[in-house]
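Take a look at the structure set out below.
Reckoned from all heavy atoms, side chains included, excluding hydrogens, waters and symmetry mates.
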Amino acid sequence: MKARAPLFALTLFGFACTTAHADDFDAQAFLGMSAGNNVGAAIKRGEKDGKKVLVFAYDSKKQGQSFHIEGMLNLEETRRLVRENFRIVLTDFKDRNIRDHVGDETQTRPMYFLFGADSKLIQKGSAAVGAGQGNKLVEEWTKK
């Protein structure tokens, strides 16, 4: 009977590992706005309506990726500014519109890419900056 307990625990652990789900960021639930997944389309719409496009690139197969995006946007003031001033896109690092901008940057944590209404890249960086720094960045971006 005692020999079965370790075997049962090992079986449960193996099952849990194989059914782990991807680490997805839910923009609607967190920001109160939907996020696109097509960078090119968002940039075109941003050109039309005069909004900047904030792209988050991350590896949804790695756990903890969405945690960093949520941390960057965690303050209510930050979320309000994002809703009012930006189009949001969630994608992976292989997206053809950003992969050249990723360059040699590490892909262990999510990155942000800010595109202007003219479709030019304004700024990029790690999204693992925390709520205070995230708020500071978003405030700077809305003043430009």
Side-chain angles (χ1 to χ4, degrees), residues 5-144:
L7 181 59
F8 180 71
L10 186 59
T11 303
L12 282 178
F13 177 74
F15 180 75
C17 288
T18 60
T19 60
H21 59 84
D23 188 25
D24 293 325
F25 175 74
D26 185 351
Q28 184 64 45
F30 192 77
L31 293 171
M33 67 185 290
S34 60
N37 59 6
N38 185 315
V39 178
I43 288 173
K44 285 180 184 176
R45 287 191 69 192
E47 289 173 343
K48 282 185 179 180
D49 62 17
K51 286 191 173 186
K52 295 174 184 162
V53 178
L54 181 57
V55 177
F56 289 102
Y58 69 110
D59 184 347
S60 64
K61 293 176 186 156
K62 291 182 181 176
Q63 293 299 311
Q65 296 287 293
S66 65
F67 169 80
H68 294 296
I69 298 170
E70 291 173 3
M72 179 179 177
L73 305 174
N74 199 30
L75 298 178
E76 181 54 42
E77 173 69 9
T78 308
R79 292 191 298 264
R80 182 186 64 76
L81 289 171
V82 167
R83 282 190 301 269
E84 293 173 357
N85 297 287
F86 302 97
R87 295 205 163 280
I88 301 294
V89 178
L90 300 172
T91 190
D92 61 35
F93 289 108
K94 297 174 187 164
D95 185 292
R96 65 183 179 93
N97 293 289
I98 63 156
R99 67 179 169 225
D100 292 339
H101 297 297
V102 173
D104 294 334
E105 300 281 338
T106 180
Q107 297 176 20
T108 58
R109 297 213 169 130
M111 290 182 68
Y112 68 82
F113 299 85
L114 178 66
F115 291 90
D118 60 357
S119 75
K120 290 188 173 47
L121 181 67
I122 297 172
Q123 189 174 343
K124 71 176 183 175
S126 172
V129 296
Q133 183 63 27
N135 184 258
K136 185 178 176 182
L137 284 169
V138 171
E139 284 180 341
E140 288 174 10
W141 297 338
T142 57
K143 291 177 183 176
K144 291 182 181 179

If every non-hydrogen atom of M111 is compared with every non-hydrogen atom of V102, which pair is closest and at what distance? SD-CG1, 4.3 Å

Within the structure provided, determine whether Y112 and Q123 are in side-chain contact (heavy-atom separation under 4.5 Å). yes

Show every donor-acceptor pair shorter than 3.5 Å between a side-chain atom in residues 37-45 and any protein atom, with sequence neighbours excluded, or say none if there are none.
| unit_1 | atom_1 | unit_2 | atom_2 | d |
| --- | --- | --- | --- | --- |
| N38 | OD1 | G40 | N | 3.1 |
| N38 | OD1 | A41 | N | 2.8 |

Flag side-chain contact, heavy atom, 4.5 Å: E77 against R80: yes

Side-chain touch M72/H68, heavy atoms, less than 4.5 angstrom: no

Across all chains, not counting sequence neighbours, the side-chain contact (heavy atoms from CB on, under 4.5 Å) partners of K94 are D92

Identify the heavy atoms of F93 and P110 that sit nearest to each other, and give their distance. CZ-CA, 4.3 Å

Can you check whether F56 reaches V89 side chain to side chain, under 4.5 Å on heavy atoms? no

Drop me the distance from E140's CD to I122's CD1, to the nearest 0.5 angstrom. 12.0 Å

What is the minimum heavy-atom distance between G134 and T78, and which atoms define it? O-CG2, 4.2 Å

Counterpart residues, ring-ring contact (aromatic ring centres under 6.0 Å, His included), relative to F115 (two or more places apart): H101

Hey, is CZ on R79 packed in by over 12 heavy atoms from elsewhere, all under 6.0 Å? yes

Just verifying a value: how many Å separate L137 CG and L73 CG, rounded to the nearest 0.5 Å? 10.0 Å

Provide the closest heavy-atom pair for G46 versus A117 in the form atom of the first, atom of the second, distance. O-CB, 3.9 Å

Do the non-hydrogen side-chain atoms of I98 and T91 ever get within less than 4.5 Å of each other? yes

Hits for side-chain contact (heavy atoms from CB on, under 4.5 Å) against D118, two or more places apart or cross-chain, chain-then-number order -> K120

Under 3.5 Å, sequence neighbours excluded: what are the donor-acceptor pairs made by side chains of residues 47-55?
| unit_1 | atom_1 | unit_2 | atom_2 | d |
| --- | --- | --- | --- | --- |
| E47 | OE2 | S119 | OG | 3.3 |
| D49 | OD1 | K51 | N | 3.2 |
| D49 | OD2 | R87 | NE | 3.0 |
| D49 | OD2 | R87 | NH2 | 2.5 |
| K52 | NZ | W141 | O | 2.5 |
| K52 | NZ | K144 | O | 3.2 |

Is there a side-chain contact between Y58 and R109, using heavy atoms and a 4.5 Å cut-off? no

Measuring from atom CG of L121 to atom CG of N97, what distance do you get when rounded to the nearest 0.5 angstrom? 11.5 Å

List the residues meeting side-chain contact (heavy atoms from CB on, under 4.5 Å) with T142, not counting sequence neighbours, and say none if there are none. L81, N85, F86, V138

